[in-house]
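Below is one structure, written out as structure tokens; the observations come after it.
Every number for a ligand or one of its atoms is a count from 1 in the order of the listing. Both backbone and side-chain heavy atoms feed into the values below; hydrogens, waters and symmetry mates do not. Because the structure is a prediction, the values reported are computed rather than measured.
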Amino acid sequence: MEITVRIKRYDPEVDPRPRWAEYRIDVTPTDRVLDVLNEIKWEMDGSLAFRRSCAHGICGSDAMKINGRNRLACKVLVQDLGSRIDVEPLPGMPVLRDLIVDMEPFLDSYKAIVPYLINDDPAPPRERLQSIEDRARFDETTKCILCAACTSSCPIFWTNGRYIGPAAIVNAHRFLFDSRDQGSAQRVQVLSSMNGVWRCRTAYNCTEACPRGIPITQAIEEVKRELLWQRQ
Ligand code: SF4
Ligand code: F3S
Ligand code: FES
């Protein structure tokens, strides 16, 4: 089938502002948007810039706005989009070039919640054991691939880029509810701050955008409740 792909392009050295470029291309319905972008880059216009790596929904590098929704280009089939596809960089993030956004502020928020296990007890001879129930407590939030589809779909983040955003909160949840971790004081400080978890207004965009199906809004509510418990 022949489709029309419009890509919002921007080269800061040449373009005063982003512009739409249009491509007519032959595809098979089961091609993914990533296949289409590769075809355009390899056969039609080598200057097109976008990130990708694993091509299988694991690395999180090809999140972009496709027909109005944040998704991974490697997980969306052309047959589910129709004969006209619009591709834009993730909203609310500074565009470096074409579909490539600056991930540094996003990763700064991730680093701020101290995303690793903290436990100063002497190491046991083997692993630090945990019950099945305790492990299940944070199972969903271990699935994050840091694609930024959630944070860049959040209306609160659009108006306040300093809000740490759902991705950082999801990763805080992963350690906050880990029975082996002792680092919650550091995380709670960040989460309770002016641009922390209380900025969330339960818009749900983040949950709808997550390609890993993580119940993000629920995780955020659990973090809020935990903060209230710790205050008492
Ligand atoms: Fe991506 Fe989901 Fe992680 Fe957000 S929570 S960064 S949408 S995988
Ligand atoms: Fe934003 Fe998700 Fe909260 S979209 S307002 S972080 S529920
Ligand atoms: Fe890795 Fe799509 S290329 S998630």
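A salt bridge does not link Asp178 to Arg128: none of the charged side-chain nitrogens sits closer than 4.0 Å to a carboxylate oxygen. Contact check on Arg137 versus Glu222 returns a salt bridge, with a Lys/Arg side-chain nitrogen under 4.0 Å from an Asp/Glu carboxylate oxygen.
Shown here are the protein N/O/S atoms lying under 2.8 Å from atom 4 (Fe) of ligand 1, water excluded: Cys150 SG.
Shown are Ser153, Pro155, Cys154; of these, the side-chain contact (heavy atoms from CB on, under 4.5 Å) with Phe157 is made only by Cys154.
Contact of the Val95 side chain with the Pro18 side chain is not registered, since no non-hydrogen atoms from C-beta on lie closer than 4.5 Å.
A donor atom on one side chain and an acceptor atom on the other are found under 3.5 Å apart for Asp45 and Ser47.
Looking at residues two or more places apart in sequence or on another chain, you find no salt bridge (charged side-chain N to carboxylate O under 4.0 Å, His left out) involving Lys65. Not counting sequence neighbours, Glu208 has no partner by the side-chain contact (heavy atoms from CB on, under 4.5 Å) test.
Counting the atoms of ligand 1 from 1 in the order shown, those under 4.0 Å from a heavy atom of Pro211 are 7 (S). Shown in contact with Ser53 at under 4.0 Å from a heavy atom are these atoms of ligand 3, numbered in order with element: 3 (S). When each atom of ligand 3 is checked for a heavy atom of Cys54 under 4.0 Å away, the hits are 1 (Fe), 3 (S), 4 (S). Against a heavy-atom cut-off of under 4.0 Å, Cys59 is close to the following atoms of ligand 3: 1 (Fe), 3 (S), 4 (S).
Under 4.0 Å from any atom of ligand 2, one finds heavy atoms of residues Cys154, Ile156, Tyr163, Pro166, Cys200, Arg201, Thr202, Ala203, Tyr204, Asn205, Cys206, Thr217, Ile220.
Protein heavy atom at the shortest distance from atom 3 (S) of ligand 3 is Ala55 N, 3.1 Å.
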